[in-house]
Student: 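Below you'll find the structure I mean.
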Number of protein chains: 2
Amino acid sequence: MASKSDLIYRVDCPSRAILDQIADKWSVLVLAVLKEPRRFNEIKRRLEGITQRVLTQTLRRLERNGMVARRVLPGPPLGVEYSLTPLGRSLERPFGAIYDWTIENMGVIQAAQRRYDRAEDA
Amino acid sequence: MASKSDLIYRVDCPSRAILDQIADKWSVLVLAVLKEPRRFNEIKRRLEGITQRVLTQTLRRLERNGMVARRVLPGPPLGVEYSLTPLGRSLERPFGAIYDWTIENMGVIQAAQRRYDRAEDA
DNA sequence: CGGGATCCAGGATGATACTG
DNA sequence: CAGTATCATCCTGGATCCCG
């Protein structure tokens with residue numbers, strides 16, 4: 001009875017690789033910040049807690065995936081502006097839904113965590 | 001000019017902690033599998049590539065966050081069934097949107113990646 | 001069947017220093 | 001300003017063995 005079709009989410013499905021790329025917290029937040037085009041340090045300042053290294057990596061990954069465009073501003077002084085591509089903009093809605101869900105359900109989740117942790121102690 | 005409000009996504013906002021909890025690929029896939037209640041090894045079989053350790057951790061985390069319910073089946077033989085709570089079910093829509101987006105845009109993304117990688121070589 | 005405990009290696013991360 | 005390079009560290013995940 002255990003046929004091949006039991007395996008719904010196969011490892012070799014490209015969607016799995018893509019999920020790996022986008023399903024992380026910083027991508028959600030970076031995409032949110034880039035609703036308007038911004039420069040590197042602008043993004044960094046708005047995402048309290050991110051390090052320059054991780055921000056660079058995240059932006060590179062998003063750029064490679066075609067979700068973010070990188071544009072060097074005619075200088076000096078040096079400047080680089082990041083913005084959403086059409087593909088990146090198409091992610092705004094689903095990612096926004098996640099973020100909104102998070103905000104809406106913060107209270108419920110924190111209550112659940114307290115309940116769980118209390119039960120653990122016993 | 002650089003006021004405190006520039007900092008949209010503060011580290012101390014609980015939503016950031018919650019995003020940490022849910023924004024990973026396995027949560028998306030586990031929640032998808034649990035559209036119907038399933039037992040541990042059923043889930044594991046359907047999520048090709050996940051190890052038992054990681055699946056356990058993911059389920060525990062989802063349980064702690066109040067998104068998944070764990071129920072020990074009257075045995076023997078032993079059995080444990082996992083199912084979505086109402087909170088978990090409320091995540092189906094936004095997570096499903098992410099998954100659908102992934103499927104729809106696989107081709108575009110892979111093309112972008114090839115383009116990027118080719119440009120890198122040069 | 002459904003895990004818990006342990007060990008171990010590799011990748012991610014933070015801090016720091018340097019550069020065009 | 002917008003990164004790259006390096007190093008020490010930490011944490012995750014894989015593999016394995018065991019138990020009720």
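What's counted below: heavy atoms across the whole structure, side chains too, no hydrogens, waters or symmetry copies. Numbered from 1 within each chain, the chains take letters A, B, ... in sequence-line order.
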Student: Nearest 0.5 angstrom please: T58(B) OG1 to Q21(B) CD, how far?
Tutor: 11.0 Å
Student: For the pair made of CG in L55(B) and P in dA15(D), what is the distance, rounded to whole Å?
Tutor: 15 Å
Student: Quick one: pull up CG in N65(A) and OH in Y116(B) and give me the separation to the nearest 0.5 Å.
Tutor: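 Separation between the atoms: 10.0 Å.
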Student: Can you tell me if the side-chain N/O atoms of Y82(A) get under 4.0 Å from OP1 or OP2 in dG3(D)?
Tutor: yes
Student: Check the distance between dT12(D)'s C1' and D24(A)'s CG and give it to me in whole angstrom.
Tutor: 15 Å
Student: For a quick test of reading the model, state the closest non-hydrogen atom pair linking K44(B) to T51(B) and the distance between them.
Tutor: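 So the two residues come closest at CE-C, 4.2 Å.
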Student: Name the nucleic acid region contacted by Q52(B), choosing base, sugar-phosphate or nothing; use a 4.0 angstrom heavy-atom cut-off, strictly under.
Tutor: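 Contact class for Q52(B): base.
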Student: Has R93(B) got more than 12 heavy atoms of other residues, nucleotides or ligands less than 6.0 Å from its CZ?
Tutor: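 No - once you tally the heavy atoms of other residues, nucleotides and ligands closer than 6.0 Å, there are 12 at most.
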Student: Rounded to the nearest Å, what distance is computed from the CH2 atom of residue W26(A) to the P atom of nucleotide dA12(C)?
Tutor: 17 Å
Student: CG of N105(A) to OG of S15(B): how many Å apart, nearest 0.5 Å?
Tutor: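 With rounding to 0.5 Å, CG (N105(A)) is 11.5 Å from OG (S15(B)).
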Student: If you pin G49(B) and G79(A) to their nearest nucleotides in DNA chain D, which one's is more 5'?
Tutor: G79(A)
Student: Could you state the atom-to-atom distance from CG of D20(B) to C1' of dT13(C) in whole Å?
Tutor: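 Value for this atom pair: 13 Å.
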Student: 5'-most contact on DNA chain D: N41(A) or I50(B), nearest heavy atom basis?
Tutor: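 By nearest-heavy-atom nucleotide position, the 5'-most residue is N41(A).
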Student: Between L78(A) and T51(A), which has a closest nucleotide on DNA chain C that is more 5'?
Tutor: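 In this pair, the answer is T51(A).
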Student: So if I take every side-chain heavy atom of R39(A) and compare against dG3(D), dA2(D), dG14(C), which nucleotide ends up nearest?
Tutor: dA2(D)
Student: Between dG3(D), dC1(D), dG14(D), spot the one nearest the side chain of V54(B), thanks.
Tutor: dG14(D)
Student: Mind calculating the distance between CD (Q57(B)) and P (dG2(C)) to the nearest angstrom?
Tutor: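 Taking atom P of dG2(C) as the reference, CD of Q57(B) is at 18 Å.
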Student: Rounded to whole Å, how long is the line connecting atom CZ of R71(A) with atom C1' of dA2(D)?
Tutor: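 About 15 Å, once rounded to whole Å.
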Student: Touch check for R53(A), heavy atoms < 4.0 angstrom, all strands: base, sugar-phosphate only, or nothing?
Tutor: base
Student: Between R60(B) and dG4(C), is there a contact of a side-chain N or O with OP1 or OP2 at under 4.0 Å?
Tutor: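 Checking dG4(C) against R60(B), a side-chain N or O does come within under 4.0 Å of OP1 or OP2.
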Student: In whole angstrom, give the distance that lies between atom CG of L59(A) and atom P of dC1(D).
Tutor: 16 Å
Student: Please give, in whole Å, the distance from dC1(C) P to K44(B) NZ?
Tutor: 11 Å
